[in-house]
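Some notes on the structure that comes next.
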2 protein chains.
Amino acid sequence: MAKNETVTLMDIVRRTGLSKGTVDRVLHNRGEVSRKSYDKVMRAAEELGYKPNVYASLLASPRRIVIAVLLPYQAPDSFWALSASGIERARESVEGLGGTIVKVEYDQYSMDSFREACGRLLEMEPSGVVIAPLFKHETSLLAEELRAKEIPYVYIDSKPDDDGYLAYFGMPMYDSGYLCADQLTGGQDVGSALVIRIRRDKLRQSDPTVNRRAGFLDYLAEHVPACTVHSVFIDPNEPERIDGTLDGFFAAHPEVRDIAMFNSRIHLIVPWLEAHPRPGRRVVGFDNLAANIAALRRGTVSALIAQHPDEQVRLAIDALADILLLKRAPARRDNFMHMDILTRYNVEYY
Amino acid sequence: MAKNETVTLMDIVRRTGLSKGTVDRVLHNRGEVSRKSYDKVMRAAEELGYKPNVYASLLASPRRIVIAVLLPYQAPDSFWALSASGIERARESVEGLGGTIVKVEYDQYSMDSFREACGRLLEMEPSGVVIAPLFKHETSLLAEELRAKEIPYVYIDSKPDDDGYLAYFGMPMYDSGYLCADQLTGGQDVGSALVIRIRRDKLRQSDPTVNRRAGFLDYLAEHVPACTVHSVFIDPNEPERIDGTLDGFFAAHPEVRDIAMFNSRIHLIVPWLEAHPRPGRRVVGFDNLAANIAALRRGTVSALIAQHPDEQVRLAIDALADILLLKRAPARRDNFMHMDILTRYNVEYY
DNA sequence: TTTGATTCCGTGCACGTTCACGGAAATTTT
DNA sequence: AAAATTTCCGTGAACGTGCACGGAATCAAA
């Protein structure tokens, strides 16, 4: 207490009269130690307030960790590309600690590709895994395997039913939809709104935006009950058909003005919007893709809600590094990132 | 390139035929090395891609750093109290690296107190300093002293005229005012708005919110030119007089509805606002004090603009630790934090 | 009592740096 | 050419921990 010096393992050695080796065995409880010595060391450690020097440990131990990150292929300026910077930042710190980070990518529209990625991941025997789970069933198989091998794993973006994960970093989807509706209407009494959705194949993919839509609709029901919500489906693989779809919709519903979209693809309808300007129109979307931000700057998009996929991976990797390297459990298991509202006036400093 | 192993200082030794000591002297360029050896080592380091092992360095070097943080006394739930968590987070990592963080507090309304704090700071001979500069002249004296002693320093919150600082972390004040006006009016044509300001004594304190006000007024001039802006002054030390002041103002200007405030004290007028509810009224303030957030949750305040004083100190301390411990210069010198828009619908996850 | 097995423990090297110290080599002075 | 400097360089002991190895002590079996 009184002494300001840092207390080392050798202090425990001196205090207990035992040896380095024994003290070390106790501290890592790997047995081969008598009950009596065990207690003596524990008491001494407690009393002296011993904190192991992490860097000395790292230096001494030959073990190097490998963290695998399983996520969809990061097409340029796509949602998943946003996470790249987070991975790089995490890489810096983890590599400084003698670890490695390996990306394992899959095609987010192909279950086979996901399955194949899982195989690649397992055979590289990582020390820890970050998972962006888009396929429910396949993910649970992977998780089972990891649990059997006692490899800790962390979910990002969304979280399946599963109880063996180390931590989860994601966005509160329902609340983000609620917020989206508030940004769209401002609680004002708008008569109607259009929601643009992505046509999905009937893959057994989980669609995380369903909760977002629920939040959106609940907000309207509570704050703007008279508002009618229309839906229109587009296909990102056929961008040339989007204009026609929108033309068709607005011919039938000229009174609709405000538009929301629950995924990162709001930029897909920007060309149409800019070809059909309308004063006072509010447009709200998600995620800070470069294309979205450009539209925000031009005023075509009123607000974007950003969820920091980069922060998510970074924190996920850090949590794994903490437990693997420093043996420190994450503070919270379920972590919700904050939702940032981006407008043309604050996007500059983002 | 080909070998996957980490390259150590000893690899350079082997490659150059020189000794550990010489290589070390070159790497830390502390002289006593011939030109020829110097070049040889540098070339080898370059070619091998040598990265020093930080932890081995830390282990070997006896030097422990002390980072002093000079900032106003952190009254409970005040703006400066927000930075506490950032200091604590930085403390964790810095103490892990064998450093210490010391807060040096002063009374933000007393220049004598600031001067006295500078004295205390200097005599503890810190290795680096974080400064929240509220008094222009005194700050420049301190900075001069630090430069003479070659102690690196970082500004947070605001930045005086000075060119010797290592880095600056703050908020773009002008733009925050612009954003504030946008959040208040939404670009809609409001007839008038009220700005509530803090009465200041004629100390030679710098008032960082002047730029914020400029941004605010410019937005209105550009987007809502017909809008009339009124000002009212209140004194935080006489909260009991606030109600009267506002009563007086609104008796004379009943048409005014929307209210903005450029500092963290929006909570001061919340009691009055809640005693005088008015439908559709927009109220915008700054900073996520607990009192402000409570009012935001209740809907009394429409939006808060948050500037992350905690992130500011944390990054500032990290920048110092980087340069002092790892000899790594900050990526950017002037760093503007992002401005977050807080509403009752996204404040939950903040 | 001797042997063998078991449980427990200490020794010593390694990890990649930093840095003080002492000394060789090169250069200048007498 | 010897002495005195100056410039440059190598050696070796830390820093705090991990871990392999070998050996002492204890106990059971012969």
Specify the separation, in whole Å, of atom CD of A/Glu32 and atom C1' of D/dA24. 14 Å
Rounded distance (Å) that lies between atom P of D/dC9 and atom NZ of B/Lys36: 9 Å
Is any side-chain nitrogen or oxygen of B/Ser34 closer than 4.0 Å to OP1 or OP2 of D/dC9? yes
Need the bend value for the helix from C/dG4-D/dC27 to C/dT30-D/dA1: angle between end axes, 5 pairs each end, nearest 10°. 60°
So if I take every side-chain heavy atom of B/Thr22 and compare against D/dG10, D/dT17, C/dC9, which nucleotide ends up nearest? D/dG10
Checking B/Gln74 side chain against B/Trp80 main chain: does a donor-acceptor pair fall under 3.5 Å? yes
When rounded to whole Å, the NE2 to C1' distance for the pair A/His28 and D/dG18 reads 7 Å
Earlier contact from the 5' end, DNA chain D, for B/Gly17 and B/Ala56: B/Gly17
Identified side chain to side chain contact (heavy atoms under 4.5 Å, CB included) partner of A/Tyr155 from the options A/Leu166, A/Thr139, A/Val130: A/Thr139
Which part of the nucleic acid, if any, lies within reach of B/Asp24 when heavy atoms closer than 4.0 Å are counted: base, sugar-phosphate only, or nothing? base
Let me know the distance between CD1 of A/Ile12 and C1' of D/dG16, rounded to the nearest Å. 12 Å
With heavy atoms under 4.0 Å as the rule, sort B/Tyr50 into base, sugar-phosphate or nothing. sugar-phosphate
Between A/Asn335 and A/Tyr168, is there a donor-acceptor pair closer than 3.5 Å when you use the side chain of the first and the backbone of the second? yes
Checking only heavy atoms, does the side chain of A/Arg30 share a donor-acceptor pair with the base of D/dG18 at less than 3.5 Å? no
Do B/Arg333 and B/Tyr165 have side chains that approach each other closer than 4.5 Å (heavy atoms only, starting at C-beta)? yes
Side-chain N or O of A/Ser37 less than 4.0 angstrom from OP1 or OP2 on C/dC9? yes
Check: A/Ile101 main-chain N/O paired with A/Arg91 side-chain donor or acceptor under 3.5 Å: yes
Can you check whether any acceptor in the base of D/dG10 is under 3.5 Å from a donor in the side chain of B/Arg25, or vice versa? yes
For a quick check, tell me whether the side chain of A/Lys20 and the base of C/dT11 share a donor-acceptor pair closer than 3.5 Å. no
Minimum-distance nucleotide (side-chain atoms of A/Thr8 versus D/dG16, C/dT11, D/dG18): D/dG16
Between C/dA14 (P) and B/Met10 (CE): distance, integer Å: 12 Å
Side chain to side chain contact (heavy atoms under 4.5 Å, CB included) with A/Ala45: which residues, sequence neighbours excluded? A/Ile12, A/Tyr50
Starting at CG of B/Leu58 and ending at P of C/dT18, how long is that distance when rounded to a whole Å? 10 Å
With the side chain defined as heavy atoms from C-beta on, A/Val33 is closest, among C/dC9, D/dT17, C/dT17, to C/dC9
Between C/dC8 (P) and A/Lys40 (NZ): distance, integer Å: 14 Å
Which part of the nucleic acid, if any, lies within contact of B/Lys51, taking any heavy atom under 4.0 Å across all strands shown: a base, the sugar-phosphate backbone alone, or nothing? sugar-phosphate
Please state whether the rings of B/His338 and B/His308 are parallel, tilted or perpendicular, taking 30° and 60° as the class boundaries. perpendicular
Check this one for me: any side-chain N or O of A/Ser19 less than 4.0 Å away from OP1 or OP2 of C/dC9? no
Nearest whole angstrom, please: distance from the C1' of C/dC19 to the CG of B/Leu59. 14 Å
Determine whether a donor-acceptor pair (N or O, by modelled atom type, separation under 3.5 Å) exists between the side chain of B/Asp11 and the backbone of B/Thr8. yes
N or O in side chain of A/Ser61 less than 4.0 angstrom from D/dT17 OP1/OP2: no
Between D/dG10, C/dG16, C/dT18, which nucleotide has the shortest distance from any of its atoms to the side chain of B/Leu18? D/dG10
